[in-house]
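Notes for the one structure printed next.
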There are 2 protein chains.
Amino acid sequence: MAHSPRRRRPTQVDIARHAGVSQATVSLVISGGAASDQIPEPTRLAVLAAARQLGYSANVAARSLKGGRNRLLGLYTFEPVFPTDQRDFYYPFLLGVEEETAAQGYDLLLFSSVTSAGDRSIYAGGANRLKIADGCVLLGRSVRRAELAALIREDFPFVFIGRREVDDGELSYVAADYVTATADLVAALVRLGHRRILHLRAPGDSEPTRDRESGYRRGIAEAGLPADHVLIETLTDPADLSADHLRAWADRHGATALLVEPTEDTRLVEALEDAARSGGLRFPDDLSLALLGDPPSWTPELRDWTRYSLPRARMAREAVGLLIELLDDPASAPRQLSVPCAFVAGDTIGPPVTPPVPGERS
Amino acid sequence: MAHSPRRRRPTQVDIARHAGVSQATVSLVISGGAASDQIPEPTRLAVLAAARQLGYSANVAARSLKGGRNRLLGLYTFEPVFPTDQRDFYYPFLLGVEEETAAQGYDLLLFSSVTSAGDRSIYAGGANRLKIADGCVLLGRSVRRAELAALIREDFPFVFIGRREVDDGELSYVAADYVTATADLVAALVRLGHRRILHLRAPGDSEPTRDRESGYRRGIAEAGLPADHVLIETLTDPADLSADHLRAWADRHGATALLVEPTEDTRLVEALEDAARSGGLRFPDDLSLALLGDPPSWTPELRDWTRYSLPRARMAREAVGLLIELLDDPASAPRQLSVPCAFVAGDTIGPPVTPPVPGERS
DNA sequence: GCGTTCAGCTAATACGTATTAGAGAGGGGG
DNA sequence: CCCCCTCTCTAATACGTATTAGCTGAACGC
């Protein structure tokens with residue numbers, strides 16, 4: 001079968017010609033929700049019939065150029081989400097965003113393309129790609145602050161999943177309350193009798209890491225423990241989580257419990273599983289250990305880690321809801337939402353086994 | 001902080017005024033890769049300086065309005081993919097589509113919104129929603145043929161993942177070769193000594209189901225078995241897969257092996273697991289059983305089913321590649337790709353245990 | 001018969017960019 | 001002095017839609 005050269009997409013002008021009306025009328029019928037009432041039924045039907053017959057669909061570019069809406073929400077991630085071992089971490093967010101977007105009657109645009117320069121940037125080719133969407137949900141740890149600031153300057157509506165700060169102004173976000181959740185975890189350990197609790201934090205100073213540290217410090221302070229009980233180490237490489245290494249760290253600080261900030265990939269928890277299995281380190285028999293967040297995988301874990309759990313799907317849905325509120329009221333100021341983390345009791349903490357260092361406050 | 005009323009973004013006109021040139025010159029400098037050489041250095045630099053100073057970024061909508069393309073590929077699924085237990089089945093497709101789309105420098109638009117009418121239709125509001133994208137990958141079992149036909153009539157570029165047929169013309173698809181894979185599975189069973197092999201097929205007559213049945217029939221025929229050895233039952237409800245029911249079916253047909261077409265949700269395989277566990281039915285000790293496709297979950301299975309496996313990620317990537325070829329050469333005819341399934345040996349088939357029915361051809 | 005009102009439509013325009021034809025200046029060759 | 005060429009830049013236009021001001025004809029009141 002000979003294949004016809006691709007026809008030009010029908011425009012409102014084509015429909016107008018076909019239905020014997022003007023382009024303006026077509027526009028009113030097709031998209032003018034309010035003004036559409038003023039068009040009498042016969043005309044409306046004629047236009048719609050012509051539209052259907054010609055296979056019309058609006059040109060997004062033209063529509064958004066004009067300032068109209070596309071009923072498109074974007075999802076932009078600062079890290080590649082899909083084909084890595086990080087996907088298990090990000091997938092629940094994606095799920096939530098997708099679900100709520102659909103529920104609100106929007107379609108979802110995944111900004112995934114890497115530019116020719118190999119640069120995964122919002123501003124590619126001097127243009128803000130996100131602008132095709134009405135608004136955007138942002139996600140990811142390795143934020144490029146400059147781009148965030150530029151988005152704010154441009155007044156582009158977006159919501160970050162996770163607390164983010166920029167010098168140049170406020171932004172909207174939906175964040176998990178790491179501070180309270182971490183402080184609560186410290187309190188739980190103190191109640192069990194722990195006094196020296198080591199916090200293994202991630203390198204860098206992204207907000208999630210900072211918030212966990214704040215929560216840890218607050219927990220220590222609220223337990224009435226002295227300042228020299230603030231024990232923090234930075235975990236640069238998950239490979240350092242060998243059983244021997246963990247024991248050495250605990251001994252050095254006299255710690256009986258560990259609070260570990262998990263990574264978004266699978267390596268950290270795998271290292272822990274390995275320390276327990278082949279390293280002979282038992283939780284909580286030798287050491288209490290709690291995770292400051294979810295193990296990355298959403299598949300059943302080998303261990304039931306004591307931890308708190310981010311309500312990822314809920315955060316995502318809230319973010320979409322917030323974004324749509326921003327869209328509906330463009331004059332509104334940036335807003336911040338905080339959602340609590342869920343405590344998961346697990347089975348990796350218990351009473352301290354190493355006796356407290358002599359001379360320590362009870 | 002008071003929030004400024006949304007500022008107007010600087011445009012090329014603003015830059016032009018600022019730099020004392022025309023808008024056309026600005027356009028040439030900013031985006032005219034080739035023509036940019038013809039602009040003398042001082043002018044170029046002046047324009048770029050002005051652009052930087054004003055914080056210019058190009059308006060995508062305007063750009064793509066002019067050019068026609070949005071560098072957007074769509075993904076439309078005929079069933080809701082995300083929030084159901086079908087997601088494990090569809091997720092690998094999504095993964096592959098996303099990956100290849102990104103690799104090709106496109107962004108991915110997920111058509112997920114349900115229209116106001118509650119109708120999950122391509123044609124909503126008298127318009128073809130898909131047209132927002134340059135082209136579209138389609139996916140799903142419960143195809144609405146009429147819509148497919150309409151897409152073909154409109155010359156909208158799309159590729160289906162899975163073999164589909166429409167009366168009105170040809171369409172492009174990337175399909176798994178169910179026929180060969182199923183025939184091969186029959187041959188494997190025959191080699192083990194099976195003669196009476198029961199095929200449990202899904203209800204309905206979608207292409208995947210038809211292809212599996214064709215493969216089954218071909219396998220029986222190629223093994224030189226007579227026509228009365230073609231044993232087919234339709235499995236309406238996965239709950240019918242109880243151990244008792246399976247035994248009854250096998251007895252009625254004198255079958256020693258079962259070929260089961262899996263569903264896209266988790267119920268079927270769960271029923272099988274259950275038949276084995278609480279129903280005391282052992283594979284392959286009591287009965288050989290192979291799946292005509294993947295168990296739905298991509299998480300580790302309890303049983304290692306003998307089966308063939310669709311190369312879902314690869315099919316998805318091929319579909320995207322094919323779609324982009326269609327876009328690059330609009331005059332090209334629809335194309336069909338077939339990819340082989342991978343045989344997974346598993347541990348649920350073995351020699352027949354019930355002795356062959358007397359009088360049967362060896 | 002004249003003004004008024006109203007429904008039902010259209011003409012015109014703006015949105016920001018890319019592209020093309022060509023204007024204007026300057027110079028060199030005949 | 002004229003022709004032609006090059007170099008640098010600009011005016012004009014198209015892209016498809018949304019929106020607004022306003023046109024037309026009919027109905028109505030007085």
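Protein chains get the first letters and strands the later ones, always in sequence-line order, with residue 1 at the start of each. Reckoned from all heavy atoms, side chains included, excluding hydrogens, waters and symmetry mates.
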Take the protein atom CD of B:Glu41 and the nucleotide atom P of D:dC9, then report the distance between them rounded to whole Å.
12 Å
Classify the nucleic acid contact of A:Val26 as base, sugar-phosphate or nothing, counting any heavy atom under 4.0 Å across all strands shown.
nothing
Whole-Å distance, A:Asn59 CG to D:dC15 P, equals 12 Å
Just checking B:Tyr76 against B:Phe78, ring centres under 6.0 Å apart?
yes
Picking from C:dG16, C:dT10, C:dA18, which would you name as closest to the side chain of A:Ser22?
C:dT10
Classify the side chain of B:Gln12 and the base of C:dA18 as holding, or not holding, a donor-acceptor pair under 3.5 Å.
no
Looking at A:Arg335 and A:Glu325, is there a salt bridge between them, counting it only when a charged N and a carboxylate O are closer than 4.0 Å?
yes
Considering every strand and a 4.0 Å limit on heavy-atom distances, what is the contact class for B:Thr43: base, sugar-phosphate, or nothing?
sugar-phosphate
Starting at the 5' end of DNA chain D and moving along, which residue's nearest nucleotide shows up first, A:Thr25 or B:Ala24?
B:Ala24
Distance, rounded to the nearest Å, where B:Asp14 contributes CG and C:dT17 contributes P
9 Å
Using whole Å, what does the distance between atom C1' of nucleotide C:dC9 and atom CZ of A:Arg44 come to?
16 Å
What I want to check is whether an N or O donor and acceptor connect the side chain of B:Gln23 with the base of D:dA11 at under 3.5 Å.
no
Within this structure, what is the CG-to-P distance between B:Leu28 and D:dT8, rounded to whole angstrom?
13 Å
Toward the 5' end of DNA chain D, by each residue's nearest nucleotide, B:Gly20 or B:Ala62
B:Gly20
